[in-house]
Amino acid sequence: MEIKNNWYLLDNEADFLAAKDRYESIKASVKGSKEHKEKMLLVHLMSEYENKLWDLPEVDPIEIIKIRMQDFGYNAATLAKEYGDKGTVSKVLNYKQSLSLSMIRKFSQLLKIPAEWLIKEYPLKKAV
């Protein structure tokens with residue numbers, strides 16, 4: 001498999017689509033390989049392009065988590081496996097309990113969400 005080494009800042013949709021196509025072809029690459037390093041660079045470049053292009057609406061941390069879960073094809077069990085407590089994850093996703101600092105750290109890394117997006121306050125649902 002040929003490695004494309006001439007990546008640069010993505011300036012337009014054509015560049016973005018080329019990067020996305022290349023990412024799709026190497027997304028299963030082995031960690032530490034040249035393809036993996038290229039994949040990580042492409043993720044960064046595509047993320048920077050998207051951030052520059054779109055202003056995100058004000059979204060609470062739980063909605064951001066749910067959006068990223070959908071992006072990655074994850075479910076609550078995936079988060080529970082990372083965090084270690086399915087009940088707590090369920091309570092958080094249903095607005096019955098706040099995110100803990102430990103959850104913020106783990107979910108930030110797992111879901112590739114900046115931690116500062118997850119520390120915002122949001123309303124909890126009152127117990128009935």
Side-chain angles (χ1 to χ4, degrees):
M1 180 177 285
E2 179 184 323
I3 298 173
K4 188 172 182 176
N5 287 318
N6 59 343
W7 290 108
Y8 45 86
L9 295 178
L10 306 178
D11 292 329
N12 55 53
E13 190 71 13
D15 291 346
F16 178 80
L17 293 174
K20 186 175 176 186
D21 287 345
R22 178 63 179 155
Y23 170 83
E24 287 297 325
S25 72
I26 61 174
K27 71 181 176 183
S29 59
V30 177
K31 189 172 185 174
S33 68
K34 289 181 181 181
E35 289 89 0
H36 178 76
K37 291 176 182 178
E38 181 183 7
K39 175 180 77 171
M40 299 310 292
L41 172 64
L42 290 170
V43 167
H44 176 74
L45 292 173
M46 290 186 301
S47 177
E48 287 296 314
Y49 178 78
E50 288 174 335
N51 289 339
K52 182 175 66 173
L53 198 60
W54 298 297
D55 286 330
L56 295 175
E58 193 66 33
V59 179
D60 75 58
I62 302 307
E63 286 304 311
I64 293 171
I65 289 171
K66 289 178 179 180
I67 290 166
R68 294 303 284 166
M69 286 171 63
Q70 188 175 21
D71 290 347
F72 288 115
Y74 295 163
N75 57 27
T78 309
L79 298 186
K81 194 163 44 169
E82 181 70 22
Y83 182 68
D85 183 358
K86 189 174 183 177
T88 302
V89 169
S90 177
K91 287 177 187 175
V92 167
L93 293 177
N94 288 301
Y95 294 89
K96 294 180 180 176
Q97 182 174 327
S98 296
L99 284 162
S100 68
L101 183 56
S102 175
M103 287 179 131
I104 289 170
R105 288 180 180 141
K106 289 180 181 191
F107 295 166
S108 172
Q109 185 175 13
L110 176 69
L111 299 170
K112 310 295 185 245
I113 302 169
E116 60 266 17
W117 292 7
L118 299 178
I119 61 172
K120 294 178 189 169
E121 289 193 35
Y122 57 93
L124 296 177
K125 292 181 180 175
K126 300 212 189 277
V128 179

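Residue numbers start at 1 and run along the sequence shown.
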As an exercise, state the distance from NZ of Lys125 to CG of Asn94, rounded to the nearest 0.5 Å.
6.5 Å
Less than 4.5 Å apart, any side-chain heavy atom of Met40 and any of His36?
yes
Got Met103 and Thr88 here, is their nearest side-chain heavy-atom distance under 4.5 Å?
yes
Answer yes or no: are there more than 12 heavy-atom neighbours, outside Gln70 itself, under 6.0 Å from its atom CD?
no
Within a 6.0 Å radius of atom NZ on Lys81, are there more than 12 heavy atoms belonging to other residues, nucleotides or ligands?
no
CG/Leu79 to CG/Leu110 distance, rounded to the nearest 0.5 angstrom?
6.0 Å
Answer yes or no: does atom NZ of Lys66 have more than 12 heavy-atom neighbours from other residues, nucleotides or ligands under 6.0 Å?
yes
On a heavy-atom basis, which atom in Gly32 and which in Lys37 lie closest, and how many Å separate them?
O-CE, 4.0 Å
Atom CE in Met69, atom CG in Asn75: separation rounded to 0.5 Å?
6.0 Å
Just so I know, are the side chains of Glu48 and His44 near enough to count as touching, which here means a heavy-atom distance under 4.5 Å?
yes
Take a 6.0 Å sphere around CD of Glu63 and say whether it holds more than 12 heavy atoms from other residues, nucleotides or ligands.
yes
How about Phe72 and Thr78: do any of their side-chain heavy atoms sit closer than 4.5 Å?
no
Is the closest side-chain heavy-atom distance between Lys112 and Asp71 below 4.5 Å?
no
Same cluster for Met46 and Leu9 if Ile/Leu/Val/Met/Phe/Trp/Tyr side chains link at under 4.5 Å?
yes
Output for pair (Ile119 CD1, Leu101 CG), nearest 0.5 Å, gives 9.5 Å
Atom CD in Glu116, atom CD1 in Ile104: separation rounded to 0.5 Å?
11.0 Å
Minimal heavy-atom distance between Leu124 and Ser98, with the atoms involved, is CD1-OG, 3.5 Å
Report yes or no: do Val30 and Ile26 belong to one cluster of Ile/Leu/Val/Met/Phe/Trp/Tyr joined by side chain heavy-atom distances under 4.5 Å?
no
Can you tell me if Tyr49 and Asp15 form a side-chain donor-acceptor pair at under 3.5 Å?
no
Can Ile65 be reached from Tyr122 by stepping across I, L, V, M, F, W or Y side chains whose heavy atoms are under 4.5 Å apart?
yes
Just by distance, do the side chain of Lys91 and the backbone of Lys96 share a donor-acceptor pair under 3.5 Å?
no
Approximate separation, where rounding is to 0.5 Å, of Ile62 CD1 and Gln97 CD:
10.0 Å
Residues Tyr83, Ser102; criterion side-chain contact (heavy atoms from CB on, under 4.5 Å); working and verdict
CA-CA 8 Å; Tyr83 182 68; Ser102 175; 3.8 Å; yes
Indicate the atoms forming the closest heavy-atom contact of Arg22 with Glu38, along with that distance.
NH2-OE1, 2.9 Å
Over all heavy atoms of both residues, which pair between Val89 and Ala76 is shortest? Give the atoms and the distance, please.
CG1-O, 3.9 Å
Closest non-hydrogen atom pair, Pro114 against Ser108
C-OG, 4.0 Å
Side chains of Phe107 and Leu111: does their closest heavy-atom pair fall under 4.5 Å?
yes
Answer whether the closest heavy-atom distance between the side chains of Tyr95 and Asp60 falls below 4.5 Å.
yes
